[in-house]
Amino acid sequence: MQFQSPDADGMVTLQSGRPSVLKTGLPLLLFAGVWNAITLGLIIGFSRAGKITGWMYLFFVPFVLVGLGTLIGGLYALTSAVLARAKVAEPVVRVSRQPLRLGESFRVLVSQYVKSPVRVTALRVRLQAREWVQYRRGTRDYTDKHTIHEQQATIVENVDARPAQPLTGQCQFTIPIDSMHSFQAPDNRIEWHLEVRTEIPQWPDYCAQYPLVVIPRLVPVGGDTS
């Protein structure tokens, strides 16, 4: 496991993870393309064979609606991401240490430029831990995702931002001592990250995630954890 080297002042600059648009918009569009192609192919095939009747058209209605809904959702996610990045640049996120240990507190510094004058309702930072569990039931595989820890801080609120002056702020979080450290296995993983969200009135929010590594706490020789 490799960790980023500290900057000259001891802080560590985080690298953003895969953009949320790749996690939502593109998979939705891919699913919509395959789903709609299969649905349309079945409808055309039955129609050409003369085997389709009125009730069969009704049978296909839910499948068409699912395909259209997924397509619209994917296009909305992509459009929102593009519009959000038209107003603000990617923030620089720095933490006081990395990796982090259970029970440790750490400082977060955020700096973000805007590309044009804009009113920013809030710049928020969220510490979040998510768990993924994959299991098999019968012949099908299932994946459960849920949040096991979350903290949020607002570091900028109700400001008129200008391109020459970055939005800056800081906050502090504590990794709960009774939580779970970062973990990855074939069927189970726990991931920690910081989410930075910039809220602009009547405009899509800018959102980016920055992975963190949380390791177990040190236990003194003799097992005394006090």
Side-chain angles (χ1 to χ4, degrees), residues 3-4 11-28 73-74 76-115 118-133 143-159 161 166-176 179-184 189-215:
F3 303 110
Q4 294 156 264
M11 300 289 289
V12 178
T13 301
L14 300 179
Q15 300 297 319
S16 62
R18 186 172 58 169
S20 58
V21 61
L22 298 181
K23 296 180 180 180
T24 54
L26 292 183
L28 283 175
Y76 176 79
L78 286 172
T79 302
S80 297
V82 172
L83 290 176
R85 284 158 176 75
K87 291 279 188 180
V88 297
E90 181 178 349
V92 177
V93 180
R94 307 169 74 217
V95 294
S96 53
R97 61 176 59 88
Q98 181 68 189
L100 299 158
R101 292 190 181 274
L102 295 176
E104 280 190 337
S105 296
F106 66 102
R107 192 160 51 106
V108 182
L109 303 179
V110 179
S111 177
Q112 184 177 32
Y113 281 93
V114 298
K115 298 180 180 179
V118 65
R119 178 73 174 177
V120 174
T121 305
L123 178 57
R124 307 186 197 276
V125 182
R126 178 180 299 166
L127 171 66
Q128 192 174 65
R130 296 270 291 171
E131 181 178 21
W132 281 256
V133 180
T143 301
D144 286 343
K145 304 177 184 180
H146 62 276
T147 300
I148 61 176
H149 180 74
E150 188 172 82
Q151 301 177 52
Q152 181 173 281
T154 301
I155 60 175
V156 173
E157 198 166 14
N158 296 322
V159 298
L167 299 167
T168 58
Q170 62 178 302
C171 59
Q172 181 169 300
F173 293 115
T174 299
I175 304 292
S179 189
M180 184 63 183
H181 56 78
S182 301
F183 174 80
Q184 186 162 359
R189 70 181 188 269
I190 293 176
E191 296 180 348
W192 289 80
H193 66 260
L194 289 174
E195 179 185 274
V196 177
R197 181 175 294 273
T198 309
E199 300 175 7
I200 300 172
Q202 300 179 346
W203 199 262
D205 293 348
Y206 177 96
C207 185
Q209 292 184 352
Y210 297 80
L212 295 171
V213 177
V214 176
I215 59 179

Item to check | Closest approach of Glu150 to Gln128 (non-hydrogen atoms, all atoms of both residues) | outcome: OE2-NE2, 2.6 Å
Checklist outcome for this item: Separation between CZ (Arg94) and CG (Leu109), nearest 0.5 Å, reads 6.0 Å
Item to check | Shortest non-hydrogen contact between Thr174 and Leu127, atoms and distance | outcome: O-CD2, 4.3 Å
Checklist entry - Out of curiosity, Thr147 OG1 to Glu131 CD, how far, rounded to the nearest 0.5 Å? => result 10.5 Å
Checklist entry - So, do Leu212 and Phe106 sit near enough that their side-chain heavy atoms are less than 4.5 Å apart? => result yes
Next on the checklist: Is a donor from one side chain sitting under 3.5 angstrom from an acceptor on the other, for Gln152 and Arg126?
Outcome noted: yes
Next on the checklist: Please give me the minimum heavy-atom distance between Pro91 and Val110, naming the atom from each residue.
Outcome noted: CB-CG1, 4.1 Å
Checklist entry - Do you know the tightest heavy-atom contact between Pro211 and Leu14? => result O-CD2, 4.2 Å
Next on the checklist: Using side-chain heavy atoms (C-beta onward) and a distance below 4.5 Å, is Met11 in contact with Ser96?
Outcome noted: yes
Checklist outcome for this item: CD (Gln112) and CG (Leu123) are apart, to the nearest 0.5 Å, by 6.0 Å
Checklist entry - What is the distance from atom CZ of Arg130 to atom NE2 of His146, rounded to the nearest 0.5 Å? => result 8.5 Å
Checklist entry - Would you say the side-chain atoms of Thr154 pair up with the backbone N or O of Arg124, donor to acceptor, closer than 3.5 Å? => result no
Next on the checklist: Strictly distance-based, threshold 3.5 Å: is any side-chain N or O of Gln170 a donor or acceptor partner for the main-chain N or O of Ile155?
Outcome noted: no
Next on the checklist: Which residue in the set Val196, Thr168, Thr13 passes side chain to side chain contact (heavy atoms under 4.5 Å, CB included) when paired with Val92?
Outcome noted: Thr13
Checklist entry - Given side chains that start at C-beta, do those of His181 and Val213 come closer than 4.5 Å, heavy atoms only? => result no
Checklist entry - Heavy atoms, side chains only, cut-off 4.5 Å: are Phe173 and Val125 in contact? => result yes
Item to check | Minimum side-chain heavy-atom gap Gln151-Pro176 below 4.5 Å | outcome: yes
Item to check | Any side-chain heavy-atom pair of Trp192 and Leu100 under 4.5 Å | outcome: no
Item to check | Shortest non-hydrogen separation from Glu90 to Tyr206 and the atoms involved | outcome: CA-OH, 3.3 Å
Checklist entry - Do Thr121 and Asn158 come close enough that some side-chain heavy atom pair is under 4.5 Å? => result yes
Checklist outcome for this item: All heavy atoms of Leu102 vs all of Ser179, minimum pair found to be CD1-O, 3.5 Å
Item to check | Check ion pair Arg197-Glu199 (N to O, under 4.0 angstrom) | outcome: no
